[in-house]
Peer 1: 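Provided herewith is a single structure, encoded as structure tokens, for subsequent inquiry.
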Amino acid sequence: MTGKSIYFFTFYLLLITILNSCQTTLSQGNDSPLKKIKKDKVKVLLEKTFKKTGGLENWTSKKSIKFKKYFALFDSLGNEEMAVNQVHDYNYSAGEKIKIQWIKENENHLLQSEDGKITKTINNQSDLSSNPTSLKNSVLSSTFVVNIPFNLIDEGIEFAHEGIDTLDDGIIVEVLRANFNPEVYNNHSTKDTWWFYFDKKEYHLVGYMVKHADHLSYVRNLSFTEVDGFTFPLTRKSWRVNIDREILFLRAEYEYSNYEFIKK
């Protein structure tokens, strides 16, 4: 074999090696849960926040999550409407079992969901006055918020990357808009539009705005905690706002504590 032939043969082998490597990488990429995300900017943003928040693979290996949640609701004049301390217990070891417990007016309330069947009891007696749709939305809303951002790969979400924005306290964020359609997808609770705000430096979720049927809510995660490598909110506030995100009044305050995260 001449020197020229050896050169081309070596080049050919190198080219085959590179192509095989690319095929392997693409194959691994096609197995990723992010493959359903068709828009590159959205995919890159989600990859960054998954990595910063604790890792998608680690999150999907969870066996259970437990935490305490305090929240207070206020009317437009600043009067407190209610204040509740709850214990949330989400178990994924065999199917999905959700328990949310709290005491209201000296009565023990328990909201449960097991494999999609939702019930509520007060002092161990069935609460026959509960609206099934309201109960379902309560469970979906509670689990949805604690699963952000990892649940943003769920089926049926329509995404748009809206670029860079600056929040009221000067934090620069990347904005991801998401539309939900419960008429088609059972895992969506209400037909809302969400704007998720990810810190441009750290890529943690610092807040979001939600357009509901009759109002807009603006929520900020004000402090965080690290639990087994995951970033969870400690305190957050929710305001009623207009479409320009101008605050109308404080609607709710939240405090979280005693997080427990257990892997399978």
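The structure displayed is predicted, hence computed values, not measured ones.
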Peer 1: Checking R240 against F74: charged group under 6.0 Å from the ring centre and within 45 degrees of the axis?
Peer 2: no
Peer 1: Say whether N179 and T193, considering side chains only, have a donor N or O and an acceptor N or O under 3.5 Å apart.
Peer 2: yes
Peer 1: Ignoring hydrogens and angles, tell me if any N or O in the side chain of K39 forms a donor-acceptor pair with the backbone of F159 under 3.5 Å.
Peer 2: yes
Peer 1: With I172 as reference, evaluate D199, L167, T166 under the side chain to side chain contact (heavy atoms under 4.5 Å, CB included) test and give the passing residue.
Peer 2: T166
Peer 1: Starting from I157, can I reach L45 by hopping between I/L/V/M/F/W/Y residues whose side chains sit under 4.5 Å apart?
Peer 2: yes
Peer 1: Taking atom types as modelled, find out whether E174 and H161 have a side-chain donor-acceptor pair closer than 3.5 angstrom.
Peer 2: yes
Peer 1: Counting distance only, does the side-chain N/O of N123 pair as donor-acceptor with the main-chain N or O of Q125 below 3.5 Å?
Peer 2: no
Peer 1: Side chains of residues 51-59: which donor-acceptor pairs under 3.5 Å do they make with residues two or more places apart or in other chains?
Peer 2:
| residue | atom | partner | partner atom | Å |
| --- | --- | --- | --- | --- |
| T53 | OG1 | T49 | O | 2.6 |
| N58 | OD1 | K263 | NZ | 3.1 |
| N58 | ND2 | G54 | O | 3.1 |
| W59 | NE1 | N147 | OD1 | 3.2 |

Peer 1: Could you check whether S130 and D127, counting side-chain N and O atoms only, form a donor-acceptor pair closer than 3.5 Å?
Peer 2: yes
Peer 1: Which is it for F261 and F67 under the ring-ring contact (aromatic ring centres under 6.0 Å, His included) test, yes or no, and what are the steps along the way?
Peer 2: CA-CA 9 Å; F261 183 93; F67 58 91; over 10 Å; no
Peer 1: Please check if the side chain of N151 supplies one atom and the backbone of D154 the other of a donor-acceptor pair under 3.5 Å.
Peer 2: no
Peer 1: Considering residues at least two apart in sequence or located in another chain, which fulfil the side chain to side chain donor-acceptor pair (under 3.5 Å) criterion with K68?
Peer 2: none
Peer 1: For V206 and N221, run side chain to side chain contact (heavy atoms under 4.5 Å, CB included): C-alpha distance rounded to whole Å, both residues' side-chain angles, the deciding distance at 0.1 Å, then the answer.
Peer 2: CA-CA 5 Å; V206 296; N221 292 324; 5.5 Å; no
Peer 1: Taking side chain to side chain contact (heavy atoms under 4.5 Å, CB included) as the definition, give me every residue that meets it alongside L222, ordered by chain and number, with sequence neighbours left out.
Peer 2: R220, T235, K237
Peer 1: T121: what forms a side chain to side chain donor-acceptor pair (under 3.5 Å) with it, not counting sequence neighbours?
Peer 2: none
Peer 1: Heavy atoms only: give me the nearest S93-N91 pair and the separation to one decimal.
Peer 2: OG-OD1, 2.6 Å
Peer 1: At their closest point, which heavy atom of L176 faces which heavy atom of L152, and how far apart are they?
Peer 2: CD2-CD1, 4.4 Å
Peer 1: Would you check if there is a donor-acceptor pair between the side chains of S113 and E96 at a distance under 3.5 Å?
Peer 2: no
Peer 1: What verdict does the side chain to side chain contact (heavy atoms under 4.5 Å, CB included) test give for V173 and F196, after you've listed the backbone C-alpha separation in whole Å, the side-chain angles of each residue and the deciding distance to 0.1 Å?
Peer 2: CA-CA 9 Å; V173 294; F196 296 98; over 6 Å; no
Peer 1: Might you confirm whether atom CG of D244 has over 12 heavy atoms from other residues, nucleotides or ligands at distances under 6.0 Å?
Peer 2: yes
Peer 1: Tell me every residue that passes side chain to side chain contact (heavy atoms under 4.5 Å, CB included) with V84, counting only those two or more places apart in sequence or in another chain.
Peer 2: F71, M82, Q86, W102
Peer 1: Ion pair present between K62 and D228, side-chain N to carboxylate O less than 4.0 angstrom?
Peer 2: no
Peer 1: Are the side chain of T143 and the backbone N or O of L140 linked by a donor-acceptor pair below 3.5 Å?
Peer 2: yes
Peer 1: Taking side-chain hydrogen bond (donor to acceptor under 3.5 Å, both in side chains) as the cut-off, I'd like each qualifying pair that reaches into residues 247-260, sequence neighbours left out, listed once.
Peer 2: E81-R251, R236-Y256
